[in-house]
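Everything below concerns the one structure shown next.
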Amino acid sequence: MPSSVPPHGGKLTELIVDADGAAELRALSRDFPSWDLTPRQLCDLELLLSGGFSPLEGFLCRADYEGVCQDMRLASGALWPIPVVLDVPEETAKALDRGTTLALRDFEGVMLAVLHVEEVWQPDRAAECEHVYGSTNGEHPGVAYVTQSTNPWYVGGRLEGLQLPHHYDFVELRLAPAQLRERFVALGWRQVVAFQTRNPMHRAHQELTFRAARELQANLLIHPVVGMTKPGDVDHYTRVRCYQAIATHYPRNTVMLSLLPLAMRMGGPREAILHAIIRKNHGCTHLIVGRDHAGPGSDSTGKPFYGPYEAQELLRKHEEELGLRMVPFRMMVYLAERDAYVGEDEVPDGAAAKTLSGTQLRQRLADGRDIPAWFSFPEVVEELRRTYPPKSRQGFTVFFTGLPSSGKSTLANVLMVKLLEMGGRPVTLLDGDLVRKHLSSELGFSKEHRDINIRRIGFVASEITKNRGIALCAPIAPYESVRKEVRDMIAPRGGFVLIHVATPLAVCEKRDRKGLFAKARAGIIKEFTGISDPYEEPTDADMAIDTTDLAPEECVQEIVLHLEKEGYIGLGSGV
Ligand code: PPS
């Protein structure tokens with residue numbers, strides 16, 4: 001064994017078969033039923049195949065699953081804290097039996113492994129949440145995943161792998177357990193302390209990891225999760241560039257960066273145990289566990305799901321058995337008077353300690369404000385600024401909704417000209433008529449078709465917004481629920497402003513720019529909004545504009561002022 005640390009269970013369970021075995025499975029696979037793995041299952045499969053989840057040799061069967069849920073033990077008695085299961089829908093489950101060989105495929109259809117099915121059962125997923133996460137509250141991301149995103153049947157059995165899931169990014173940084181173990185041996189690293197993270201690292205993290213390594217006379221493995229983390233986290237591409245930058249702030253040859261394709265569950269204490277097992281399998285001797293390790297934070301009433309040091313306490317109970325040492329750390333805060341970081345419990349009475357939360361950092365980035373040097377390193381801040389430009393350089397969508405002839409298109413056109421005059425970002429107009437011609441020519445005006453039309457507009461606008469452009473949408477969009485869907489699609493990717501063009505029906509009908517009201521009244525056009533079809537007034541509009549007595553320029557000036565107030569346009573956004 002190329003490292004002094006034995007894997008969990010004694011041996012690294014690498015499940016990739018040799019070339020002959022793989023060729024044989026491929027030849028037989030024509031007759032195997034197939035399952036296309038979900039992103040979470042793909043992450044789990046990778047750690048199963050690489051031995052990161054040793055001693056597991058497949059997706060859990062029922063006795064293992066129940067033992068893990070209830071007592072954190074596999075049927076063999078080995079410690080295992082969180083179920084690793086393959087969930088499938090009923091129609092797939094019904095086609096499987098003990099003895100079936102199921103081909104597991106990635107999203108392109110490539111067969112990565114086969115599962116020799118041993119058991120298929122319907123779990124009690126609420127009980128699983130209660131046991132594993134100590135909660136059934138859907139605000140817990142782990143609970144939300146199990147209750148809303150897993151399929152109702154689980155399939156257990158032994159795996160044979162053909163190949164690991166393929167990655168095209170940061171290839172040289174993705175070291176499997178055996179590869180990391182070999183590196184440690186080659187470098188003579190006998191003591192390795194692992195640092196688990198799903199966030200960018202700043203000075204506090206550099207200080208605590210450096211301290212931990214120095215005190216233990218160990219080397220440091222920065223081992224960030226790049227599989228699935230908490231929704232809303234900084235994307236892993238940005239984070240990895242930040243880790244690469246921070247790695248230069250340690251003494252030479254004392255630190256290594258490797259990426260872990262884990263799907264986190266945000267399971268707090270139990271997840272800390274899983275992290276320890278995984279690091280042991282990767283040849284590490286120690287794991288740093290900080291405040292609220294792998295915690296999901298608080299629920300909507302402000303109550304934390306776990307105590308701040310609950311993860312440390314649970315791991316403490318099991319570290320002897322695991323043979324991996326925990327390095328507990330308090331939260332680090334900055335003491336200006338000493339120009340140093342200290343544990344939150346070491347702050348002298350009366351001294352002012354400083355810290356910035358992730359939310360505060362995001363806010364500063366969005367406002368284009370300074371990030372203090374005590375908080376982070378310039379190269380890290382630079383990377384974050386590239387990904388999170390200030391609001392005035394992010395993309396946004398202005399979504400006009402209103403009755404036919406209410407003035408949506410006119411306002412959108414004038415606004416487009418004003419924004420083009422300012423310059424700085426590309427502007428795309430998705431006018432109702434234009435979309436119906438180019439994107440939705442086959443659609444009619446039933447509720448179903450209108451909703452499809454609006455979803456398409458929302459999708460295009462969200463892509464434009466994500467890529468830092470400005471999208472101006474001007475459909476009727478008569479239904480509230482699909483407008484909300486569109487807002488939810490776009491808002492996380494930049495800005496979203498809903499404008500209700502609230503010109504009264506009588507005025508719209510009098511204008512009747514296209515003569516369609518007259519046709520609707522005469523029954524020539526059916527399902528006409530405002531006449532024979534509903535228009536649900538928005539309850540969540542950011543602005544309402546009645547164009548009856550206002551010139552388009554006046555209306556658009558109001559909108560521009562609103563966009564300025566919200567920070568979407570302003571200094572730095574134009575020429
Ligand atoms: S929706 O409901 O948002 O999908 O409608 P939208 O795509 O914006 O409609 C674009 C234009 O189609 C004309 N039109 C109708 N509108 C409403 N109901 C019916 N039945 C209908 N038939 C044709 C109408 O002129 C819309 O343009 P605007 O600019 O709103 O007048």
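Remember, it's 1-based here, ligands and their atoms both numbered in the order they're listed.
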Exercise for review: Just do the salt bridge (Lys or Arg N to Asp or Glu O under 4.0 Å) check on D433 and K514 with the steps written out, would you?
Suggested key: CA-CA 11 Å; D433 284 326; K514 302 175 191 165; 2.5 Å; yes
Just need the protein heavy atom nearest to [atom], so name the residue and atom and give the distance.
| atom | answer |
| --- | --- |
| atom 20 (N) of ligand 1 | E527 O, 2.6 Å |
| atom 1 (S) of ligand 1 | R436 NH2, 3.8 Å |
| atom 29 (O) of ligand 1 | K514 NZ, 3.2 Å |
| atom 11 (C) of ligand 1 | D433 OD1, 3.3 Å |
| atom 18 (N) of ligand 1 | R450 NH2, 3.0 Å |

Check your understanding: Would you call the rings of F170 and Y237 parallel, tilted or perpendicular, where under 30° means parallel and over 60° means perpendicular?
Key -> tilted
Exercise for review: Can you label the angle between the H140 ring and the F305 ring as parallel, tilted or perpendicular, going by 30° and 60°?
Suggested key: perpendicular
Using a 4.0 Å cutoff against the non-hydrogen atoms of [X], which atoms of ligand 1 qualify?
| X | answer |
| --- | --- |
| K526 | 20 (N) |
| I454 | 3 (O) |
| S405 | 31 (O) |
| T529 | 17 (C), 18 (N) |

Revision key, fill the gap. The single option from R386, E379, R385 that satisfies side-chain contact (heavy atoms from CB on, under 4.5 Å) with E383 is R386
Practice item. Compute the minimum heavy-atom distance from D533 to ligand 1 and say whether it is under 4.0 Å. Key: no
Exercise for review: Take every heavy atom of K408, measure it against each atom of ligand 1, and state whether any distance is under 4.0 Å.
Suggested key: yes
Are [X] and [Y] ion-paired here, with the side-chain N under 4.0 Å from a carboxylate O?
| X | Y | value |
| --- | --- | --- |
| E536 | R483 | no |
| R265 | D44 | yes |
| R40 | D87 | no |

**Study point:** Nearest option to atom 26 (C) of ligand 1, as decided by whichever heavy atom of I452, I476, D451 sits closest
**Key:**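 Nearest heavy atom to atom 26 (C) of ligand 1 lies in I476.
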Practice item. Identify the residue among W153, F59, Y65 that makes a ring pair (Phe, Tyr, Trp, His ring centres under 6.0 Å) with W121. Key: Y65
Exercise for review: Could you tell me whether some N/O pair between P404 and ligand 1 is separated by less than 3.5 angstrom?
Suggested key: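 N/O-N/O distance below 3.5 Å does not exist for this pair.
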Practice item. Kindly confirm or rule out an N or O of F445 lying under 3.5 angstrom from an N or O of ligand 1. Key: no
Exercise for review: Could you tell me whether L516 approaches ligand 1 through its side chain, its backbone, both or neither, with non-hydrogen atoms closer than 4.0 Å?
Suggested key: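 For L516, the contact with ligand 1 is made by the side chain alone.
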Review point. Regarding K519 and the six-membered ring of F528, is the cationic atom NZ or CZ under 6.0 Å from the ring centre and inside 45° of its axis?
Key: no
Practice item. Establish, from distance only, whether the side-chain atoms of H205 and N199 form a donor-acceptor pair under 3.5 Å. Key: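 Not at all, the side chains of H205 and N199 share no donor-acceptor pair under 3.5 Å.
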